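Note that the structure is predicted; figures quoted are calculated from it, not measured. Basis for what follows: all heavy atoms, side chains included, without hydrogens, waters or symmetry-related copies.
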Amino acid sequence: MVQPMGVLKTQNPNKDMQLDVTVVFPAINEADIIEQTITTVSQALQTYGCTYEIIIAEDGSTDGTDKKAAEIAQKLPYVRHIHGEKRLGRGRALKNSFKESNGNVLIYMDVDLATDLKHLSQLINAVTVEGYPLATGSRMLSQSKAKRTFTRGFVSKTYNFMVRLILGSKVKDHQCGFKAFQREILLPLLDEVKANHWFWDTETLVRAQRKGYKVKEIPVEWNSTRETKVKLFKDSLDMGMQVLVLWMHLTF
């Protein structure tokens with residue numbers, strides 16, 4: 001387990017301060033849940049006893065998430081808010097936030113906390129104790145429990161099969177929003193990864209594996225309590241095209 005180190009106390013964390021963990025939440029139009037999410041994750045991190053920061057990568061919201069995130073960051077010393085005036089896409093928002101981060105372990109998760117937080121210690125320990133360069137939650141392992149519609153599950157399985165077949169990935173679930181990285185592994189990868197939106201996860205995992213890095217997949221309980229922001233067929237088609245483009249780029 002992560003050893004107790006205390007919680008960050010400074011009001012304005014700076015880029016030179018080394019912390020155990022950075023958690024990034026890519027957020028667009030999440031004003032109704034962002035504060036509760038921060039509270040829940042902060043309580044979990046305090047239980048694990050690590051130094052940490054939480055970054056809200058707020059991406060061109062129009063529902064007041066920017067104001068809510070700014071208020072939270074002003075109130076809580078371990079929270080930082082990175083505001084995007086215009087929508088950049090999830091991948092670019094993550095990239096910008098990770099470059100500004102202070103943690104040795106870099107984590108991102110979805111704001112709705114669809115992945116049960118009981119797996120957070122497994123995610124952190126996969127990197128810090130087991131020594132994996134990357135770790136990801138997986139809804140596709142035999143021990144996993146994922147609640148979603150048949151259509152969404154079918155599209156996801158088809159997409160992941162395509163990634164494994166065409167790009168040679170060993171990962172079964174590339175898109176679960178519950179990932180951790182060793183800092184020294186992820187930062188050099190950031191500028192190589194060109195995807196700006198949903199495909200960012202897949203491209204990051206594929207490029208890491210091409211460099212010889214192993215990925216730990218953790219079976220998780222996953223239950224999205226709200227309608228997905230992925231436009232299922234449009235975004236899936238776009239990501240399928242990006243699989244082919246990445247294959248061409250890596251092959252020729």
Side-chain angles (χ1 to χ4, degrees), residues 21-26 57 89-99 101 103-110 114-115 119-120 122-128 130-141 143-144 146 152-153 155-220 222 228 230 235-236 238-251:
V21 174
T22 294
V23 176
V24 176
F25 287 104
R90 186 178 70 162
R92 194 179 299 176
L94 284 170
K95 176 179 178 179
N96 291 345
S97 296
F98 283 135
K99 284 189 171 184
S101 68
N104 291 317
V105 178
L106 305 179
I107 294 174
Y108 100 81
M109 55 180 92
D110 292 332
T115 302
H119 302 295
L120 182 56
Q122 295 172 270
L123 191 72
I124 295 173
N125 288 338
V127 175
T128 60
E130 299 177 56
Y132 281 90
L134 305 89
T136 181
S138 178
R139 300 159 293 186
M140 302 294 182
L141 300 176
Q143 310 97 306
S144 305
R152 188 174 178 184
V155 170
S156 181
K157 289 178 181 178
T158 302
Y159 169 76
N160 282 288
F161 174 77
M162 182 180 178
V163 174
R164 292 195 299 273
L165 179 67
I166 296 175
L167 295 174
S169 175
K170 304 299 183 184
V171 175
K172 294 185 180 296
D173 185 359
H174 298 82
Q175 292 302 116
C176 184
F178 192 72
K179 291 180 169 62
F181 312 87
Q182 289 182 8
R183 180 183 187 85
E184 63 269 24
I185 299 302
L186 180 62
L187 291 188
L189 273 176
L190 289 176
D191 289 329
E192 295 183 30
V193 177
K194 305 305 179 186
N196 291 325
H197 201 30
W198 300 114
F199 191 64
W200 185 89
D201 300 64
T202 298
E203 186 176 352
T204 300
L205 293 178
V206 168
R207 286 187 179 276
Q209 290 176 87
R210 291 285 180 118
K211 292 180 179 293
Y213 298 127
K214 292 184 178 181
V215 180
K216 172 71 175 286
E217 280 196 272
I218 300 167
V220 296
W222 185 93
T228 178
V230 177
D235 287 333
S236 296
D238 179 63
M239 288 166 65
M241 291 298 298
Q242 289 186 73
V243 169
L244 297 176
V245 170
L246 181 58
W247 173 79
M248 292 172 55
H249 179 77
L250 293 174
T251 304

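Between I124 atom CD1 and Q122 atom CD the span is 11.0 Å, to the nearest 0.5 Å. In this structure, CG in L123 is found 7.5 Å from OG1 in T136, a value given to the nearest 0.5 Å. Interatomic distance, CG of L189 versus NZ of K211, reported as 6.0 Å (0.5 Å rounding). Atom CG of D173 sits about 9.5 Å away from atom CG of L205, to the nearest 0.5 Å. Of the inter-residue distances, the one linking T251 atom OG1 with I166 atom CD1 reads 10.0 Å to the nearest 0.5 angstrom. Once rounded to the nearest 0.5 Å, the distance linking CE of M109 with CG of L120 reads 4.5 Å.
Closest heavy-atom contact between K194 and E203: N-OE2, 3.0 Å. Minimum interatomic distance between H119 and P219 (heavy atoms only, all atoms of both residues): CE1-O, 3.6 Å. Of all heavy-atom pairs spanning S156 and M140, the tightest one is OG-CE, 3.0 Å. Between I185 and P188, the closest heavy-atom pair is O-CD, 3.4 Å. Heavy atoms only, all atoms of each residue included: P26 and R90 are closest at CB-CG, 3.7 Å. S144 and S138 make their closest contact through OG-O, 2.7 Å (heavy atoms, listed as atom of the first residue, atom of the second, distance).
The closest side-chain heavy-atom distance from R207 to L167 is not below 4.5 Å. Inter-residue side-chain proximity for V163 and V171 is flagged as unmet; no heavy-atom pair is nearer than 4.5 Å. You'll find the side chain of V243 reaches within 4.5 Å of the side chain of Y159, heavy atoms only. Side-chain contact between T204 and L94 is absent, with no heavy-atom pair separated by less than 4.5 Å. Side-chain contact check for T128 versus V21: every heavy-atom pair is 4.5 Å or farther apart. With contacts defined as side-chain heavy-atom distances shorter than 4.5 Å, the pair N160/R139 does not qualify.
For the pair R210 and E192, the salt-bridge criterion is not met [side-chain N within less than 4.0 Å of a carboxylate O].
Between the side chain of N96 and the backbone N or O of F98, no donor-acceptor pair lies under 3.5 Å. The backbone N or O of A93 lies less than 3.5 Å from a partner atom in the side chain of S97, making a donor-acceptor pair. Not one N or O on the side chain of Q209 forms a donor-acceptor pair closer than 3.5 Å with the backbone of V215. Formation of a donor-acceptor pair under 3.5 Å by the N196 side chain with backbone atoms of G89 is not found in this model. Side chain of E217 to main chain of K172: a donor-acceptor pair is present (N/O by atom type, distance under 3.5 Å, no hydrogens or angles). In this structure a side-chain-to-backbone donor-acceptor pair under 3.5 Å is present from R183 to S101.
A donor-acceptor pair shorter than 3.5 Å cannot be found between the side chains of D201 and H174.
Summarising the local packing, NZ of K95 is surrounded by more than 12 heavy atoms from other residues, nucleotides or ligands at distances under 6.0 Å.
Scanning for side chain to side chain contact (heavy atoms under 4.5 Å, CB included) contacts around K216 gives A126, E130, Y132, A135, I218, with sequence neighbours left out.
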